[in-house]
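All heavy atoms count here, side chains included; hydrogens, waters and symmetry mates do not. When a ligand or atom number is given, it counts from 1 through the structure's own listing order. Please read these numbers as outputs of a predicted model, since none were measured by experiment.
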Amino acid sequence: KKGDFDHFMKKEIHEQPDSLTTSMRGRLKDGVVGLGGLKDHMRTIRRSRRIVFIGCGTSYHAALAARPIMEELTDIPVTMEIASDLLDRKALIFKEDTAVFVSQSGETADTLLALEYALDNGALCVGVTNTVGSTLARKTDCGVHINAGCEIGVASTKAYTSQIVVMVMMALAIGSDKMSTLAKREAIIAGLTKLPEKAGDVLKLDGEMKALAESLIDKQSLLMFGRGNNYATALEGALKVKEVALMHSEGMFAGEMKHGPLALVDECLPIIVIATRDDTFSKQQSVIQQLHARKGRLIVMCYKGDASLVCPDGETRVIEVPQVADCLQPIINIIPMQLLAYHLTVLRGYDVDQPRNLAKSVTTQ
Ligand code: M6R
């Protein structure tokens with residue numbers, strides 16, 4: 001049921017304060033993360049030579065967003081694999097690996113075939129899925145359900161933010177034997193408890209995102225530049241725009257700007273730069289200055305109150321978002337992008353919940 005909303009996508013975007021709460025329910029007690037599904041395998045995971053994240057589309061992006069904190073808190077190298085590419089390359093998977101399969105539906109063909117492959121190679125296989133009883137849930141050695149609730153819109157929204165939350169909790173649980181990161185872990189856990197409220201705050205940008213969509217309705221293309229924790233946000237924001245609004249959009253690693261994309265910059269092409277404060281902030285400020293010097297049409301995402309730090313002039317459009325812990329910021333930052341994609345789609349007159357040529361669950365290769 002869509003309730004008061006015109007479309008499932010809009011409903012699911014607005015459900016995120018609740019879906020994030022449900023994903024964390026019963027798993028954060030007295031400052032400790034408990035993930036029952038992983039408990040018996042923790043020793044093996046901690047001893048693994050590397051963690052390999054495997055998924056497709058939005059699920060892959062969620063894993064990419066969680067990668068930095070997983071490496072930081074566990075001291076285990078994390079590599080990323082798009083399921084179909086892993087299969088094409090017959091990539092090396094070792095029995096000392098922990099392979100984490102991320103899939104909202106738990107039925108994506110490429111992800112399931114990659115799972116068979118990793119099981120054959122003897123890796124410990126962990127599932128992160130929204131679907132209890134799915135093939136992924138049944139065939140993996142262990143796992144965590146994301147508990148985001150049923151997602152109907154083809155564009156994945158609330159499942160994405162819950163997947164990140166669950167993988168951050170996994171990082172906290174796996175890394176919980178390290179005294180050196182105790183303060184950091186405590187700060188993240190405190191941040192998790194406030195996250196649903198912050199997601200509610202950022203949803204108030206709905207009207208602003210509609211106005212931004214109105215200004216972009218006739219554009220051919222939209223670029224998104226991110227780095228660090230928010231490289232995934234750029235990729236995922238662009239995927240949402242192309243998938244539902246049927247507008248060409250590309251998410252780019254801002255560190256690669258000078259190696260090609262800079263040639264595209266002119267007064268017409270809109271570019272969203274994610275510049276919420278973290279270790280990469282000064283680098284993003286410099287990217288903004290360089291784009292501005294080339295008269296780029298900039299839209300900057302930053303913390304509330306940071307506009308004067310990131311905008312080279314009074315004309316640059318800003319999307320001001322609330323601050324959370326660095327590793328949780330992608331959860332907040334994607335929400336305005338989801339709203340933008342939604343409004344662009346409605347304004348351009350396309351089918352929001354069932355974009356052409358796409359299926360909710362891709363069960364063929
Ligand atoms: O069910 P899964 O998470 O395995 O699906 C993977 C992708 O097909 C999916 O995330 C797709 O990219 C979304 N429709 C994007 O919104």
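Nearest protein heavy-atom neighbour of atom 15 (C) of ligand 1: Thr58 OG1, 3.0 Å. Given atom 1 (O) of ligand 1, the protein heavy atom at minimum distance is Ser105 OG, 2.7 Å. Shortest contact from atom 7 (C) of ligand 1 to any protein heavy atom: Cys56 O, 3.8 Å. Protein heavy atom closest to atom 8 (O) of ligand 1, with residue, atom name and distance, is Val362 CG2, 4.0 Å. For atom 5 (O) of ligand 1, the closest non-hydrogen atom of the protein is Thr108 OG1, 3.4 Å.
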(message) Is there a side-chain hydrogen bond (donor to acceptor under 3.5 Å, both in side chains) between Gln338 and Glu236? Walk through the geometry before answering.
(response) CA-CA 9 Å; Gln338 295 170 343; Glu236 175 59 10; 5.5 Å; no
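Identified under the ring pair (Phe, Tyr, Trp, His ring centres under 6.0 Å) test for residues 259-294, with sequence neighbours left out: none.
Within ligand 1, the atoms closer than 4.0 Å to a non-hydrogen atom of Ser156 are 16 (O), numbered from 1 in the order shown. Within ligand 1, counting atoms from 1 as listed, the ones closer than 4.0 Å to a heavy atom of Gly57 are 12 (O). Residue contact check: Lys240 has heavy atoms under 4.0 Å from atoms 15 (C), 16 (O) of ligand 1. Contact atoms of ligand 1 toward Ala155: 16 (O) (distance under 4.0 Å to a heavy atom of the residue). Atoms of ligand 1 found under 4.0 Å from any heavy atom of Ser59 (numbered from 1 in listed order, with element): 2 (P), 3 (O), 10 (O).
The backbone N or O of Ala63 sits nowhere less than 3.5 Å from a side-chain atom of Arg67 that would complete a donor-acceptor pair. Under the 3.5 Å distance criterion, the side-chain polar atoms of Asp97 are left unmatched by any main-chain donor or acceptor of Ile51. With hydrogens and angles ignored, the 3.5 Å screen pairs a side-chain donor or acceptor of Ser105 with a backbone N or O of Glu107.
Side-chain N/O atoms of Glu72 and Thr181 include no donor and acceptor closer than 3.5 Å. Asn230 and Asn333 share a donor-acceptor pair across their side chains, judged by distance under 3.5 Å alone. Between the side chains of Thr316 and Arg297, no donor-acceptor pair is found at a separation under 3.5 Å.
His61 and Tyr160 have their aromatic ring centers separated by at least 6.0 angstrom.
Taking only nitrogen or oxygen atoms, main chain and side chain alike, Val154 reaches within less than 3.5 Å of ligand 1. Residue Thr111 has no nitrogen or oxygen atom sitting less than 3.5 Å from a nitrogen or oxygen atom of ligand 1, judged on distance alone.
Every heavy atom of Ser361 sits 4.0 Å or more from the atoms of ligand 1. The closest approach between a heavy atom of Lys360 and any atom of ligand 1 is not below 4.0 Å.
At a heavy-atom cutoff of 4.0 Å, ligand 1 is contacted by the side chain of Glu243 but not by its backbone.
When the side chain to side chain donor-acceptor pair (under 3.5 Å) test is applied to Ser156, the partners found at least two apart in sequence or on another chain are Glu151.
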